[in-house]
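Note sheet for the following structure.
So that the names make sense, note that chain A is the first sequence line, chain B the second, and so on, each numbered from 1.
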Amino acid sequence: MTGRHLCHISDLTVADMDRTLDAAEHMVPIAQGQSTTDAAHGKILATLFFEPSTRTRLSFESAMHRLGGNVISVADSSSSSSQKGETLADTVRMVASYSDAIVIRHPREGAARLASRVSRVPIINGGDGAGQHPSQTLTDLFTIRKAKGNIKDNVVTIAGDLKYGRTVHSLALALAAYGTQMIFVAPESLQVPAETRASLLAHGARARYANKLEEVIAETDVLYMTRIQKERFPDLDEYRKVQGVFHVTNRLLADGKKGIIVMHPLPRVGEIDQSVDDTPAAKYFEQAANGVPVRMALLAETLGVRGVA
Amino acid sequence: MKELKVQPIRNGTVIDHITGGKAVTVMRILGLLRPGWTSTVTAAMNVPSSNGRKDILKIEDRELDAGEVNKIALIAPNATINIIREYEVARKEHVQIPEKVSGLVKCPNPNCVTNHEPIKTQFLVVSKDPVRLQCGYCDREVHEVADHIV
């Protein structure tokens, strides 16, 4: 993977993903500050975020610092050149000349691919509109593997905003590659888009579609909740119709399979009741924490940093 | 004797078997509607044929090359190209749908980066019959290609 772009989850094979997850295991003590490394000394990561981000940006920056490298970033996209009318391609070319890799987040689908076509350094997609979020998927896979022992032998129910949720689009394709069984639960208007469904079909994915969590909770090993993304709705009336449609409670989970876990890429806005937080099922904060070792492993692979894992 | 609806041309290109009603779009794709175009162009539309209705374009004194003509395959997959020299057909070819399409089609996804940045669109041809394209940036599929020609 050294020197390769990661724009779409399909840029990775199952072997690539497994190798990254294995490496991430070794990164955990460093990510937690129990040991240190300067393996990436002299390397510079640029974070180019044109959309707000807390977890992705901070975990990438933390990961690079934990590896002993440096980070440069634009403090706020409103102060960047794009506001002066510079094209994305020109911005990326310029930032590429200042760094060894770029993490980009952008509100438009395909922005990371555009960046990859003009950049002389590897591009990592930190989320492009409603498109893809492959580094989040690696974090999700790591969390599932850690909690359940493996990725394949689970029924993963993915619920919420499956239309605009980029984490869902990446995760579904990755799970399909592993042969994991999936159930997609959403109101009809927020179900998985046609292109992703077609890709799932082409991959021979074991997928089914439902409208209510109650119908599928008994067979679910991993419940992956997502936020209904108000900011991506072209029509706010449409948002209001589906707002708050899912709310996971301990009562719902009591009907679930033994050992069920609940995940969420965060932030959550009412999808999971706070009373779930203190139960063994709640894995979403651990999932967020896993973002650092996983992104350390991804950065180490991408930058060709050796001697850490 | 069967009356010819369109007079033969001496030299140039005849595009036959264009899907009925698509001649104007074909002209647009080939740049025949641009102000600088000076060759004589004759169009016959909705001409009865064995497969229903077809359009025919006759372009005088200009031999179109395969690269130019294959662009029209997206909307007229059955078209044939006849190069005419001294009233005779010097060469006849069927259009071929290319593997990739660049700059000719607009992505139907309003949030695709290609609709917001000054870049040429790129599509992969994922099906030739019926023609379906996939955006090389956002993966959105295009089913009704004629509706999205730039």
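Residues of residues 167-191 of chain A placed with any heavy atom under 4.5 Å of a heavy atom in chain B are absent; none qualify. Using non-hydrogen atoms only and a strict 4.5 Å limit, the part of residues 100-132 of chain A facing chain B consists of A:Pro107, A:Arg108, A:Glu109, A:Gly110, A:Ala111, A:Arg113, A:Leu114, A:Arg117, A:Gly129.
Around atom CD of A:Gln243, more than 12 heavy atoms belonging to other residues, nucleotides or ligands sit under 6.0 Å away. Applying the 6.0 Å contact sphere to OH of A:Tyr98 captures no more than 12 heavy atoms from other residues, nucleotides or ligands. Within a 6.0 Å radius of CD in B:Glu86, more than 12 heavy atoms belonging to other residues, nucleotides or ligands are found. Within 6.0 Å of the NZ atom in B:Lys128, the count of heavy atoms belonging to other residues, nucleotides or ligands exceeds 12. Residue-environment remark: NE2 (B:His143) exceeds the threshold of 12 foreign heavy atoms within 6.0 Å.
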Show me the donor-acceptor pairs within less than 3.5 Å that the side chains of residues 24-40 of chain B make with the rest of the protein, sequence neighbours left out.
{"from": "B:Arg28", "atom 1": "NH1", "to": "B:Val150", "atom 2": "O", "distance (Å)": "3.0"}
{"from": "B:Trp37", "atom 1": "NE1", "to": "B:Ser39", "atom 2": "O", "distance (Å)": "3.2"}
{"from": "B:Ser39", "atom 1": "OG", "to": "B:Glu60", "atom 2": "O", "distance (Å)": "3.4"}

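Between the side chain of B:Glu117 and the backbone N or O of A:Leu88, at least one donor-acceptor pair lies under 3.5 Å.
Of all heavy-atom pairs spanning B:Asp139 and A:His8, the tightest one is OD2-NE2, 3.0 Å.
Only the side chain of B:Asn109 has a heavy atom closer than 4.5 Å to any heavy atom of chain A.
Here B:His116 is the residue among B:Arg140, B:His116, B:Glu141 with the most heavy-atom pairs under 4.5 Å with chain A.
Legend: residues meeting ring-ring contact (aromatic ring centres under 6.0 Å, His included) with A:Phe246, ordered by chain and number and at least two apart, are absent.
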